[in-house]
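To keep things clear, I will list the structure first and then write my remarks on it.
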Amino acid sequence: MTRLIFLGPPGAGKGTQAKALADHWQIPHISTGDILRQALKEQTTLGVKAQSYMDKGELVPDQLVEEMVEERLKQPDTTSGWILDGFPRTVKQASFLEALLQKLDQAGERVVNLDVPDDIVVARLLERGRKDDTEEVIRRRLEVYRSETAPLIDYYSSKAQLLIVNGNQSLEEVTAELAKVIS
Ligand code: AMP
């Protein structure tokens, strides 16, 4: 049973690594960013509510994302495990998740922290060129990451659930290190 949470700044390579592992284990890769971007594209109520936050590089309010994750984790395909990518992003979301996993009888998750220095992340994201990847928005997303999300590193480390991987190496090297720490 594999239940993994990926932490790390935007551009750390979380999405790529999480997706590859999920394919390998045949478990769902649950990316809150992907779900929100799809909702935005379809202009659903959730998408319309989330848009202004996403455009600015701010976090979408906890409650909206929490409801979305609860609905997703209740789907039948999650019984064999999952990889969460982009959630939780605040301490509040982390305690919500902890209670939710207890309630759904899905506890026992591990957390991977993929860390990369800011200047490397900015360069990578500018190269990627997604619509919400202008330099101003990227810098804002990083600030938000450091202030809102990075505290989760201590949060999970104090619960002894944290695995650390150096994200500042080639994709293949990250994959290899990741395989080693989660085996
Ligand atoms: P990502 O693809 O994970 O970088 O997410 C893109 C954007 O979606 C973020 O900049 C946020 O605006 C929003 N988002 C994704 N996940 C969350 C979350 N867990 N909490 C709040 N906002 C989120």
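First listed ligand is number 1; within each ligand, the first listed atom is number 1. Please read all numbers here as calculations on a predicted model, not as lab measurements.
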Query raised in the report: Is there side-chain contact between Arg141 and Glu58, with heavy atoms separated by less than 4.5 Å?
Result: no
Query raised in the report: So do the side chains of Leu152 and Pro88 get within less than 4.5 Å of each other, counting heavy atoms only?
Result: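 Answer yes - side chains close enough.
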At a 4.0 Å threshold, what atoms of ligand 1 neighbour a non-hydrogen atom of [X]?
X	value
Gln93	18 (C), 19 (N), 20 (N), 21 (C)
Thr32	15 (C), 16 (N), 17 (C), 19 (N)
Leu36	8 (O), 13 (C), 14 (N), 15 (C), 23 (C)

**Report entry** Closest to atom 21 (C) of ligand 1 among Val60, Leu125, Val69 (heavy-atom distance)
**Finding:** Val60
Query raised in the report: Should one rank Arg89, Met54, Lys92 by closest heavy-atom distance to atom 9 (C) of ligand 1, which comes out on top?
Result: Arg89
Requested in this report: Show your working on salt bridge (Lys or Arg N to Asp or Glu O under 4.0 Å) between Lys19 and Asp85 and close with a plain yes or no.
Outcome: CA-CA 9 Å; Lys19 188 154 191 348; Asp85 165 13; over 6 Å; no
Query raised in the report: So is Arg37 close enough to ligand 1, meaning a heavy atom under 4.0 angstrom away?
Result: yes
So that I can tick it off, tell me whether [Y] and [X] are bridged by a salt bridge, with the cut-off set at under 4.0 angstrom between side-chain N and carboxylate O.
X	Y	answer
Arg146	Asp118	yes
Arg140	Glu135	no
Glu66	Lys92	yes

Please determine if [X] has a nitrogen or oxygen closer than 3.5 Å to a nitrogen or oxygen of ligand 1.
X	value
Glu58	yes
Gly86	yes
Tyr53	no

**Report entry** Name of the residue among Glu109, His29, Gln106 meeting side-chain hydrogen bond (donor to acceptor under 3.5 Å, both in side chains) with Trp82
**Finding:** Gln106
